[in-house]
*Asks:* 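Can you keep this structure in mind? I'll have questions shortly.
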Amino acid sequence: MKRRLFLFTLGFAASLSIGAIAGCTNQTATTEDGKPILVMATSADYPPYEFYETGRGLGEPVGFDIDIARYITDKLGYGLQINDMDFNGIIPALQSNRADFAMAGMTPTEERKQSVAFSDIYYEAKNTIVARAGSGFKTFEDLAEKRVGVQLGSTQEQTTKEQAKEFPAMTIESRNRVSELVQEIKAGRIDAAIVEDTVAKGYIQNNPDLEFTTIENQEAAGSAIAFPQGSELVEKFNEVLAEMRESGELDRLVQKWFEDYYAAQEAGENQ
Ligand code: ARG
């Protein structure tokens, strides 16, 4: 009986603290020095945008998006709390105000703009085909009869499904995490995956049994910050993004995460 009461109390305490976390999105929670905390949703399966560097013993996601988020929230006088979730859950989290904004290498598509607001674009990228080394896939046509993996809810899923209409023998496999796609390729359960170039580069460096090819003649896929519809943060964030562009801070972070980070990894320094 005592034990039950204890568990009950524990459950109650837990639900209270969940309530407190949810409250952050109304900017009621504050840091120790009194700054209101913004909750950021992300999907930390996406190096170098957001990922875990467990090798370095860091418990929080790190990466390009995380540095930008820290810079902006700091400039605007906010604290930052990062909530990691599946990519597919990010837009619902914004819509239900469980997050104040999201950074996840997210492309501002017309369809998404029906549900959330976006900042200006802060980085452009292209899609690639990731496969086992020696597969030699170069174009979408090469995948005509293959099992092709994509991240659930991503633009890659959408465009691949769209293009696959021309290839009835192609099977599309959706997974929650990019890391799962990589595992599926290694295990031979799928033949290839459609993944953004910078992200593919990182996974390939860690998995020499894989290769990637950039798909030519495609629109660049930019990344922007997402917000709940009507959020007053959009303008404030855009102002800081513009300042970061002018001051060279954004270039510095591009250099840090898209150049130096990979160079260090190649030299075996990151893990
Ligand atoms: N740029 C693509 C999109 O907007 C993929 C982003 C995936 N991001 C992630 N953190 N897994 O759909």
*Asks:* Return the minimal non-hydrogen interatomic distance between Q81 and N83, and the atom names on each side.
*Replies:* NE2-OD1, 2.9 Å
*Asks:* Suppose we call two aromatic rings close when their centres sit under 6.0 Å apart. Are F212 and F137 close by that rule?
*Replies:* no
*Asks:* State which residues pass side-chain contact (heavy atoms from CB on, under 4.5 Å) with K113; sequence neighbours excluded, sorted by chain then number.
*Replies:* P108, E110, F118
*Asks:* Under 6.0 Å between the ring centres of Y261 and F64?
*Replies:* no
*Asks:* Less than 6.0 Å separating the ring centroids of F258 and Y49?
*Replies:* yes
*Asks:* Take L143 and M170, measure what side-chain contact (heavy atoms from CB on, under 4.5 Å) needs, and give me the verdict at the end.
*Replies:* CA-CA 7 Å; L143 304 176; M170 187 186 292; 3.9 Å; yes
*Asks:* For the CD1 atom of I172 and the NZ atom of K146, what is their distance to the nearest 0.5 Å?
*Replies:* 14.0 Å
*Asks:* Identify the heavy atoms of A117 and P228 that sit nearest to each other, and give their distance.
*Replies:* CB-O, 4.1 Å
*Asks:* Grab the two heavy atoms, one from G89 and one from M85, that are nearest each other, plus how far apart they are.
*Replies:* O-SD, 3.7 Å
*Asks:* Start with the C-alpha gap between L253 and M244, add the side-chain angles, then the distance that decides, and say whether side-chain contact (heavy atoms from CB on, under 4.5 Å) holds.
*Replies:* CA-CA 10 Å; L253 292 179; M244 290 176 84; 3.9 Å; yes
*Asks:* Under a 3.5 Å distance rule, please check whether E211 uses its side chain to pair with a backbone N or O of G134 as donor and acceptor.
*Replies:* yes
*Asks:* Measure the shortest side-chain to side-chain distance between V240 and N238 over non-hydrogen atoms and say whether it is less than 4.5 angstrom.
*Replies:* no
*Asks:* Could you measure the distance from the OG1 atom of T198 to the CH2 atom of W257? Nearest 0.5 Å is fine.
*Replies:* 13.0 Å
*Asks:* Answer yes or no: is there a donor N or O on one side and an acceptor on the other, between the side chain of T160 and the main chain of Q156, under 3.5 Å?
*Replies:* yes
*Asks:* Does R175 pair with E184 as a salt bridge, N-O distance under 4.0 Å?
*Replies:* yes
*Asks:* Side-chain contact test, heavy atoms from C-beta onward, threshold under 4.5 Å: evaluate it for I129 versus V148 and give yes or no.
*Replies:* no
*Asks:* Could you walk me through whether S96 and R98 pass the side chain to side chain donor-acceptor pair (under 3.5 Å) check?
*Replies:* CA-CA 6 Å; S96 56; R98 279 177 289 124; 2.9 Å; yes
*Asks:* Give a yes or no on whether a salt bridge exists between D209 and R132, defined as a side-chain N under 4.0 angstrom from a carboxylate O.
*Replies:* no
*Asks:* Are V116 and I121 in one and the same hydrophobic cluster, where Ile, Leu, Val, Met, Phe, Trp and Tyr link if side-chain heavy atoms are under 4.5 Å apart?
*Replies:* no
*Asks:* For E145, is the CD atom crowded, meaning more than 12 foreign heavy atoms sit under 6.0 Å from it?
*Replies:* no
*Asks:* Indicate yes or no for a side-chain donor-acceptor contact from D86 to the backbone of N176 under 3.5 Å, with no hydrogens or angles considered.
*Replies:* no
*Asks:* Indicate yes or no for a side-chain donor-acceptor contact from S179 to the backbone of D45 under 3.5 Å, with no hydrogens or angles considered.
*Replies:* no
*Asks:* In Å, rounded to the nearest 0.5 Å, how long is the span from CD of E196 to OH of Y203?
*Replies:* 12.0 Å
*Asks:* With rounding to the nearest 0.5 angstrom, report the CD1 to CG distance, I194 to L181.
*Replies:* 10.0 Å
*Asks:* Mind checking side-chain hydrogen bond (donor to acceptor under 3.5 Å, both in side chains) for N88 and listing every partner two or more places apart, or none if nothing turns up?
*Replies:* none
*Asks:* Sort and list the pairs that fulfil side chain to side chain donor-acceptor pair (under 3.5 Å) and have at least one residue in residues 114-124, not counting sequence neighbours.
*Replies:* D65-Y122
*Asks:* With the 4.5 Å side-chain cut-off for hydrophobic clustering, are V195 and F140 part of the same group?
*Replies:* no
*Asks:* Before giving the answer on side-chain contact (heavy atoms from CB on, under 4.5 Å), spell out for F87 and S154 the whole-Å C-alpha distance, their side-chain angles and the decisive distance to 0.1 Å.
*Replies:* CA-CA 7 Å; F87 186 73; S154 67; 4.2 Å; yes
*Asks:* Can you sort out the partners of E111 under side-chain contact (heavy atoms from CB on, under 4.5 Å), two or more places apart, ordered by chain and number?
*Replies:* T109, Q158
*Asks:* With the 4.5 Å side-chain cut-off for hydrophobic clustering, are Y46 and V150 part of the same group?
*Replies:* no
*Asks:* What residues form a side-chain hydrogen bond (donor to acceptor under 3.5 Å, both in side chains) with E249, not counting sequence neighbours?
*Replies:* R252
*Asks:* Between Y52 and E60, does any side-chain donor sit less than 3.5 Å from a side-chain acceptor?
*Replies:* no
*Asks:* Assigning hydrophobic clusters by single linkage (Ile, Leu, Val, Met, Phe, Trp, Tyr; side-chain heavy-atom cutoff under 4.5 Å), is I91 placed with I225?
*Replies:* no
*Asks:* Nearest 0.5 angstrom please: Q255 CD to D251 CG, how far?
*Replies:* 9.0 Å
*Asks:* Name the residue from D74, T73, I72 that meets the side chain to side chain contact (heavy atoms under 4.5 Å, CB included) definition with L76.
*Replies:* I72
*Asks:* So which atom in M40 and which in A69 form the shortest heavy-atom distance, rounded to 0.1 Å?
*Replies:* SD-CB, 3.4 Å
*Asks:* Side chains of I185 and V182: closer than 4.5 Å at any heavy-atom pair?
*Replies:* no
*Asks:* Measure across A125 and D197 and return the closest heavy-atom pair with its distance rounded to 0.1 Å.
*Replies:* CB-OD1, 3.4 Å
*Asks:* Does I82 belong to the same Ile/Leu/Val/Met/Phe/Trp/Tyr cluster as F237, with side-chain heavy atoms less than 4.5 Å apart forming each link?
*Replies:* yes
*Asks:* Holding to side-chain hydrogen bond (donor to acceptor under 3.5 Å, both in side chains), I want the full list of residues that pass it with T107, two or more places apart in sequence or in another chain.
*Replies:* none
*Asks:* The test is salt bridge (Lys or Arg N to Asp or Glu O under 4.0 Å); show your working for E259 and K256 and say whether it passes.
*Replies:* CA-CA 6 Å; E259 306 293 336; K256 173 178 172 187; over 6 Å; no
*Asks:* Given K75 and E243, is the salt bridge (Lys or Arg N to Asp or Glu O under 4.0 Å) satisfied, shown in steps?
*Replies:* CA-CA 10 Å; K75 264 278 143 87; E243 179 241 286; 3.5 Å; yes
*Asks:* Determine, for K186 against D191, whether the closest basic-nitrogen to carboxylate-oxygen distance falls under 4.0 angstrom.
*Replies:* no
*Asks:* Between the side chain of R147 and the main-chain N/O of R189, is any donor-acceptor distance below 3.5 Å?
*Replies:* yes
*Asks:* If you round to the nearest 0.5 Å, how far is CZ of F51 from OG1 of T42?
*Replies:* 11.5 Å
*Asks:* Using modelled atom types and a 3.5 Å cut-off, is there a donor and acceptor pairing between side-chain atoms of T159 and backbone atoms of T155?
*Replies:* yes
*Asks:* Go through T30 and I37 one step at a time and tell me if the side-chain contact (heavy atoms from CB on, under 4.5 Å) criterion holds.
*Replies:* CA-CA 5 Å; T30 52; I37 294 175; 5.5 Å; no
*Asks:* If you compare all heavy atoms of S43 against all heavy atoms of Q151, which two are closest, and at what distance to 0.1 Å?
*Replies:* OG-NE2, 4.0 Å
